[in-house]
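We name chains A, B, ... by the order of the sequence lines, and we start the count at 1 in each one.
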There are 2 protein chains.
Amino acid sequence: MTPQRRLLVGIIQDSPRHLDAAGLLEVARKQDADIDRATVYRTIALLKGYGLIDELDLMHIEGEKHYYEAKTNREHCHMACFRCGAIMEYASSSFEKLKTEMAAQSGFQIRVVRLEVGGFCKQCRKAAH
Amino acid sequence: MTPQRRLLVGIIQDSPRHLDAAGLLEVARKQDADIDRATVYRTIALLKGYGLIDELDLMHIEGEKHYYEAKTNREHCHMACFRCGAIMEYASSSFEKLKTEMAAQSGFQIRVVRLEVGGFCKQCRKAAH
DNA sequence: ATAACTGCAAATCTTTTGCTTACAG
DNA sequence: CTGTAAGCAAAAGATTTGCAGTTAT
């Protein structure tokens with residue numbers, strides 16, 4: 001593991017918000033001004049391949065970017081508000097159960113699951129006339 | 001509704017496989033050789049805005065394209081095999097239930113749901129050493 | 001008529017690749 | 001040493017936009 005990779009992994013793990021490749025590069029450059037875009041993309045591909053990070057679209061609420069987060073033990077999904085852009089996470093045992101059920105019924109060996117929802121959050125729902 | 005739009009909508013509804021923008025354009029050109037890429041993208045944006053089609057990534061199994069399908073009454077998700085590229089659909093009442101539960105618990109007004117799974121299908125699971 | 005839609009070409013944005021040099025094990 | 005990773009710059013792929021002409025209502 002090289003210093004750059006360590007840095008990038010650390011940023012993904014610690015970031016309070018979901019970062020896309022450009023955002024990750026921007027944050028990384030505060031520590032290492034010479035780090036290159038290509039290194040960011042190559043590291044993302046590597047981590048994704050190892051199943052260490054998950055890739056999200058967040059319903060493409062702001063463009064066709066991909067966002068990344070460190071894989072956690074707790075399966076969860078993301079809800080994106082079309083009005084205010086807020087991203088909420090949601091976890092429940094029903095989600096885990098569905099996953100198990102899908103695997104059992106289809107014979108599919110599940111490696112990655114991505115559940116994303118778009119709509120209006122509680123506040124925006126009220127605010128929208 | 002213009003003729004081009006009618007054509008594009010018809011293709012999305014009838015296509016047995018999921019098409020991306022380029023594939024949709026290709027099929028459309030068999031009927032109307034002059035139809036342009038921009039029209040395809042503009043129509044997709046329109047239909048998506050009206051909630052008439054769903055957008056899929058199919059786990060980016062072949063590049064960063066987006067695929068489209070006409071919205072159906074039956075909620076379902078897609079399972080993509082990393083080995084053979086097969087796409088399977090899966091529908092169950094548990095999925096519907098999860099959706100209802102999410103909305104109830106979070107106060108979120110759900111407009112679009114996207115559940116995608118990546119892994120290995122029954123056959124490839126066996127075939128893999 | 002008026003507003004919405006089209007094709008065309010160019011621009012934009014994100015991601016990938018070839019190549020040469022530099023670093024890790 | 002030997003293979004893997006890095007930076008750089010250029011390419012590729014997907015999607016969007018400005019504009020001038022065309023079509024639908």
Side-chain angles (χ1 to χ4, degrees), chain A residues 1-12 15 17-50 52-69 80 85 114 116 118, chain B residues 1-12 17-50 52-69 80 82 85 114 116 118:
Chain A
M1 178 76 89
T2 64
Q4 275 109 334
R5 293 223 171 127
R6 246 188 299 275
L7 172 60
L8 291 170
V9 173
I11 292 170
I12 294 177
S15 175
R17 65 197 176 86
H18 299 109
L19 296 171
D20 69 328
L24 184 50
L25 176 63
E26 190 185 324
V27 175
R29 280 197 162 146
K30 289 178 186 161
Q31 309 284 322
D32 175 353
D34 292 329
I35 198 165
D36 191 77
R37 210 174 351 176
T39 299
V40 170
Y41 281 107
R42 289 194 267 238
T43 301
I44 286 171
L46 192 88
L47 297 174
K48 209 166 52 159
Y50 286 148
L52 298 173
I53 57 174
D54 278 324
E55 186 178 59
L56 317 167
D57 283 3
L58 302 180
M59 296 315 276
H60 297 128
I61 260 188
E62 38 178 323
E64 308 297 313
K65 318 167 184 182
H66 297 113
Y67 299 87
Y68 301 91
E69 67 179 13
R114 201 153 104 201
E116 299 193 344
Chain B
M1 178 77 87
T2 65
Q4 276 107 334
R5 293 225 170 124
R6 245 187 298 276
L7 173 60
L8 292 170
V9 172
I11 293 170
I12 294 177
R17 66 197 176 84
H18 300 108
L19 295 171
D20 69 328
L24 184 51
L25 176 62
E26 191 186 321
V27 175
R29 280 197 163 147
K30 288 176 188 163
Q31 309 285 320
D32 175 354
D34 292 330
I35 197 165
D36 191 78
R37 211 173 348 171
T39 301
V40 170
Y41 281 107
R42 290 193 267 237
T43 302
I44 286 172
L46 192 86
L47 297 174
K48 210 167 47 161
Y50 285 149
L52 297 174
I53 57 174
D54 277 325
E55 186 179 60
L56 317 168
D57 282 3
L58 302 180
M59 296 315 276
H60 298 127
I61 262 189
E62 38 178 324
E64 309 296 314
K65 318 167 183 180
H66 297 113
Y67 300 87
Y68 302 92
E69 66 179 14
F82 288 143
R114 202 153 103 199
E116 299 194 345

Whole Å only: how far is the CD atom of B:E64 from the C1' atom of C:dT14?
8 Å

What is the separation between atom CG on A:L25 and atom P on C:dT14, rounded to the nearest whole Å?
12 Å

Which atoms of nucleotides 3-9 of chain C (N or O only) lie under 3.5 Å from a protein N or O atom, and what are those distances?
{"unit_1": "C:dC5", "atom_1": "OP1", "unit_2": "B:R5", "atom_2": "NH1", "d": "2.8"}
{"unit_1": "C:dT6", "atom_1": "OP1", "unit_2": "B:T2", "atom_2": "OG1", "d": "3.1"}
{"unit_1": "C:dT6", "atom_1": "OP2", "unit_2": "B:R5", "atom_2": "NH2", "d": "3.4"}
{"unit_1": "C:dT6", "atom_1": "O3'", "unit_2": "B:Q4", "atom_2": "NE2", "d": "3.0"}
{"unit_1": "C:dG7", "atom_1": "OP1", "unit_2": "B:Q4", "atom_2": "NE2", "d": "3.2"}
{"unit_1": "C:dG7", "atom_1": "OP1", "unit_2": "B:D34", "atom_2": "O", "d": "3.1"}
{"unit_1": "C:dG7", "atom_1": "OP2", "unit_2": "B:D36", "atom_2": "N", "d": "3.2"}
{"unit_1": "C:dG7", "atom_1": "OP2", "unit_2": "B:T39", "atom_2": "OG1", "d": "2.1"}
{"unit_1": "C:dG7", "atom_1": "N7", "unit_2": "B:R42", "atom_2": "NH2", "d": "3.1"}
{"unit_1": "C:dG7", "atom_1": "O6", "unit_2": "B:R42", "atom_2": "NH2", "d": "3.0"}

Roughly how bent is the helix from C:dA1-D:dT25 to C:dG25-D:dC1 end to end, in steps of 10 degrees, with each end axis from five pairs?
50°

Using side-chain contact (heavy atoms from CB on, under 4.5 Å) as the criterion, point out the one residue from A:L7, A:L47, A:L19 that pairs with A:I12.
A:L47

Which value, rounded to the nearest 0.5 Å, describes the distance between [X] atom [atom1] and [Y] atom [atom2]?
{"X": "B:D20", "Y": "B:K65", "atom1": "CG", "atom2": "NZ", "result": "5.0 Å"}
{"X": "B:Y41", "Y": "B:L8", "atom1": "OH", "atom2": "CG", "result": "12.5 Å"}
{"X": "B:L52", "Y": "B:L46", "atom1": "CG", "atom2": "CG", "result": "8.0 Å"}

B:V40 side chain near B:R42 side chain, heavy-atom distance below 4.5 Å:
no

Identify whether any heavy atom of A:A22 sits under 4.0 Å from a base atom; if not, whether one sits that close to sugar-phosphate; answer base, sugar-phosphate or nothing.
nothing

Checking all strands, does A:A45 fall into the base, sugar-phosphate, or nothing category for heavy-atom contacts under 4.0 angstrom?
nothing

Sequence neighbours excluded and cut-off under 3.5 Å, please list the side-chain donor-acceptor pairs for residues 53-61 of chain B, or say none.
{"unit_1": "B:D54", "atom_1": "OD1", "unit_2": "B:K71", "atom_2": "NZ", "d": "3.4"}
{"unit_1": "B:E55", "atom_1": "OE1", "unit_2": "A:H60", "atom_2": "ND1", "d": "3.0"}
{"unit_1": "B:E55", "atom_1": "OE2", "unit_2": "B:K48", "atom_2": "NZ", "d": "3.2"}
{"unit_1": "B:E55", "atom_1": "OE2", "unit_2": "B:Y68", "atom_2": "OH", "d": "3.0"}
{"unit_1": "B:D57", "atom_1": "OD1", "unit_2": "B:R114", "atom_2": "NH2", "d": "3.3"}
{"unit_1": "B:D57", "atom_1": "OD2", "unit_2": "A:R114", "atom_2": "NH2", "d": "2.9"}
{"unit_1": "B:D57", "atom_1": "OD2", "unit_2": "B:H60", "atom_2": "NE2", "d": "3.1"}
{"unit_1": "B:D57", "atom_1": "OD2", "unit_2": "B:R114", "atom_2": "NH2", "d": "3.3"}
{"unit_1": "B:H60", "atom_1": "ND1", "unit_2": "A:E55", "atom_2": "OE1", "d": "3.1"}
{"unit_1": "B:H60", "atom_1": "NE2", "unit_2": "A:H66", "atom_2": "NE2", "d": "3.2"}

Members of residues 54-62 of chain A that approach DNA chain C, where some heavy atom sits under 4.0 Å away:
none

Residues 27-36 of chain B, side-chain donor-acceptor partners within the protein, below 3.5 Å, at least two apart:
{"unit_1": "B:R29", "atom_1": "NE", "unit_2": "B:I35", "atom_2": "O", "d": "3.0"}
{"unit_1": "B:R29", "atom_1": "NH2", "unit_2": "B:I35", "atom_2": "O", "d": "3.1"}
{"unit_1": "B:D32", "atom_1": "OD1", "unit_2": "B:D34", "atom_2": "N", "d": "3.0"}
{"unit_1": "B:D36", "atom_1": "OD2", "unit_2": "B:A38", "atom_2": "N", "d": "2.8"}

Terminal contacting nucleotides, 5' and 3', DNA chain D versus chain B (heavy atom, 4.0 Å):
D:dA14 to D:dT25

Does A:T43 use its side chain to pair, donor to acceptor, with the backbone of A:T39 at less than 3.5 Å?
yes

Looking only at atom types and distance, does a side-chain atom of B:R37 sit under 3.5 Å from a main-chain N or O of B:L25, one as donor and one as acceptor?
no

